[in-house]
Number of protein chains: 2
Amino acid sequence: MTDTQDLDLRKAAILEAVVSEYIGTAQPVGSHHVARAAGINVSSATIRSEMVALEREGYLMQPHTSAGRIPTDKGYRFFVDQLTEPGVLGPAQRQKVSRFFEQVHCEMEEMLERTSSLLSELTSYASVVLPPSHEAAVARSVQLVGLGPRVALLVVVLADGAVEKRSIDLAEEVPEEVLAAASARLHAAAHSRPLGGVTVSAASGDPLVDHVVSLALSALGELASEAHDRVFVGGPSRLAAAFDAVETVSAVLATLEQQLVVVSLLRDVLERGVSVVIGAEHGYQSLASCAVVVAPVSVEGQPSGAVGILGPTRMNYPQALAAARVVGERLGQRIHESFDPAAGAAPAEEHRPRRRARGRR
Amino acid sequence: MTDTQDLDLRKAAILEAVVSEYIGTAQPVGSHHVARAAGINVSSATIRSEMVALEREGYLMQPHTSAGRIPTDKGYRFFVDQLTEPGVLGPAQRQKVSRFFEQVHCEMEEMLERTSSLLSELTSYASVVLPPSHEAAVARSVQLVGLGPRVALLVVVLADGAVEKRSIDLAEEVPEEVLAAASARLHAAAHSRPLGGVTVSAASGDPLVDHVVSLALSALGELASEAHDRVFVGGPSRLAAAFDAVETVSAVLATLEQQLVVVSLLRDVLERGVSVVIGAEHGYQSLASCAVVVAPVSVEGQPSGAVGILGPTRMNYPQALAAARVVGERLGQRIHESFDPAAGAAPAEEHRPRRRARGRR
DNA sequence: TGCTGGCACTCGATTCTACCGAGTGCCAGG
DNA sequence: CCTGGCACTCGGTAGAATCGAGTGCCAGCA
């Protein structure tokens, strides 16, 4: 198999021209257009023969004879990996991001929700935000609150500010004092422990308290094990604009509704250390006409969440990459700050592209 | 203005036929089709002349000369108000609803989220669920949890099981004990009070405690006043299927993204005691091609939230009305039960404390 | 050898025409 | 007052003609 790395300089230039033009116009690109593009000084005839080669090698394809070429997924892949730097945001967008992160002052959930809106505004594509996982997060507080005669709510505050809750059927009436006692025992046992590893050592005097505690403990266990598969989707309406086939829109939206799919896609991508997934590179049929650009959200160096941009395969990759990285980074900082406002005093250092997108299928 | 009430019996029958047919086929309906419809025993010529009248009176319109008629908003309105009963769900759907509400066992938010999915599955339209307002809800618990050196989280548990939170910048370092003291004072002051009316009477000995308390109180006030304008949208992908113009889809989705608009629309509709809004009857331009079917969610007789179905104006009103009502009612019951499981001793249902693991995937 | 201009050819898109048929409005007769 | 009949309208479809952007190939030139 011909290796991507060594395409002719000229072939690469031609491929780049085709991809750029196609991203802009969504029309198949002919040899004449390429010839006119900057940095290419050969005639259209030469370009045609090169294009034949590029097509043979799988970078381009023709919708039909006597039409121009459009990039294949492989073509986009080469473009992203070899031909393009992450790019920078325009000053207006950069300002928008800064303004956003200065102004935003709210709880995690809402912040993530609004971050996803920001991303989709910046890029005009749909966006997804994967919340920081609090797998390893320790509990700051555990509390039982009575809601009704036989119902209590277990409220857990984690160190990252997230609040998890779960209602518990008590099966019999439990007086306030018992609830309070159980709550105190739980809190003592769970404080500063990771959710999974909470045990309560000694039995108290009261068997009812013990019963409640054990109910709460199992609920706690469930909370810990349950992958918190929420994902925030921003700007789904942009999808309708990005695709023109209404059934494509429908299919993609339907996939987005299944949070699970999106979450595992993002996790997968992150794990492989990749930042762009194009077309069918992931296994999901329904997203075959999409590309996803992902950037990690790191809190104090620990990668813990992700932001992603979801658009058509002919999306503006440099811009999307830039937006995802900047927003991901700023979001990480912002989350960090929210525990220690002083940390936010340090000016955000200028972001420079450290690494090119890597990873192929 | 001709009053809606008194359309000819025959005119009404014709209108009904046109609306039904159009809802089914999305094609303009001609006089022949109407003549063939059940319950109409006049010739197409007669129907034509009646249709002319109906058109003059604003119930029907022609997309162009020599095409059939399609209903206007006014036509739909008459159909909904005079010609149709809410209808009943099919046995399969009814069972789906029952199964859902038996199985669902989770926190408010997730339940609402999943209810909206249920609704959109039942109807194949998009759905919205307006959470029960907890304007008047009293606090069951108020707590301050330290998150970082200068940051605390105010966690409020309301009587309806909702958990509200807000982080507080303390501006200086506050030791755990102070936080605990403040937390205790707040809890005592706020317990069983509506969020708005919390005051702390006497000053404690410690000025730092007082400071923290006052910070927390103002945060509490903000929480109370802030209209909690969240709305759960289900099945946006169904919209893409319901409309065929991609820009309509885009516009409607964009409107749905602005939670605010949807919330005030629903509130408005509820307030007017209406259950169906058709086309431009509400003021929102971007939803002019939609109809909304709304049903209240009452908890113990108190109307406190709403469910809605959002589809094209040519939606299946009887089915949508039935679905909205049933789901709204069951949701209200379910919410009520979640405070007092005994209340849910549904007829012919053995009640066992059941604890279903919500294992996903 | 490799690039170029030229040329014949392909084929989707556009335009034009004809035509079909569903649907209308109108009217005379039962 | 209803009905069948009739002339008319006009969107949608089908086929033919045309256009033009684009291709592959090739001979000739640096």
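Order of the sequence lines sets the chain letters (A, B, ...), proteins ahead of strands, with each chain counted from 1.
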Check: In whole angstroms, how far is the P atom of D/dG11 from the CD1 atom of B/Ile70?
Finding: 14 Å
Next item on the list: Examine C/dC11: is either OP1 or OP2 under 4.0 Å from a nitrogen or oxygen in the side chain of A/Ser66? Give yes or no.
Entry: no
Next item on the list: Whole angstrom is fine here: how far is it from CE in B/Met51 over to C1' in C/dG25?
Entry: 13 Å
Note to self: Please tell me if A/Thr65 has a side-chain N or O lying less than 4.0 Å from either OP1 or OP2 of C/dC11.
What the structure shows: yes
Check: So what does A/Ala67 touch, heavy atoms closer than 4.0 Å: a base, only the sugar-phosphate, or nothing?
Finding: sugar-phosphate
Notebook entry, point to check: Which nucleotide sits closest to the side chain of B/Arg10: D/dC2, D/dG4, C/dG5?
Noted result: D/dC2
Margin query: From CG of B/Asn41 over to C1' of D/dC2, roughly how many Å is that when rounded to an integer?
Written below: 13 Å
Notebook entry, point to check: Given D/dG11, D/dG24, C/dG12, which nucleotide is nearest the side-chain atoms of A/His64?
Noted result: C/dG12
Notebook entry, point to check: Once you round it to whole Å, what is the distance between C1' of C/dT24 and NE2 of B/His33?
Noted result: 15 Å
Margin query: Nearest to the side chain of B/Gln62, heavy atoms from C-beta on, is which of C/dT24, D/dG24, D/dT23?
Written below: C/dT24
Next item on the list: Using only side-chain N and O atoms of A/Ser44, determine if any of them is under 4.0 Å from OP1 or OP2 of C/dT4.
Entry: no
Next item on the list: Write down the distance between CZ (B/Arg48) and C1' (D/dC8), rounded to a whole number of angstrom.
Entry: 12 Å
Next item on the list: Ignoring backbone atoms, establish whether B/Thr46 has a side-chain N or O less than 4.0 Å from OP1 or OP2 of D/dC2.
Entry: no
Notebook entry, point to check: What integer distance in Å separates B/Ile47:CD1 from C/dG25:P?
Noted result: 13 Å
Notebook entry, point to check: Do any side-chain nitrogens or oxygens of B/Arg69 fall under 4.0 Å of OP1 or OP2 in C/dG23?
Noted result: no
Next item on the list: Check every atom of D/dG4, D/dC10, C/dG5 against the side chain of B/Ala45 and return the nucleotide holding the closest atom.
Entry: D/dG4
Notebook entry, point to check: Tell me: OH of B/Tyr22 to P of C/dG23, nearest whole Å?
Noted result: 14 Å
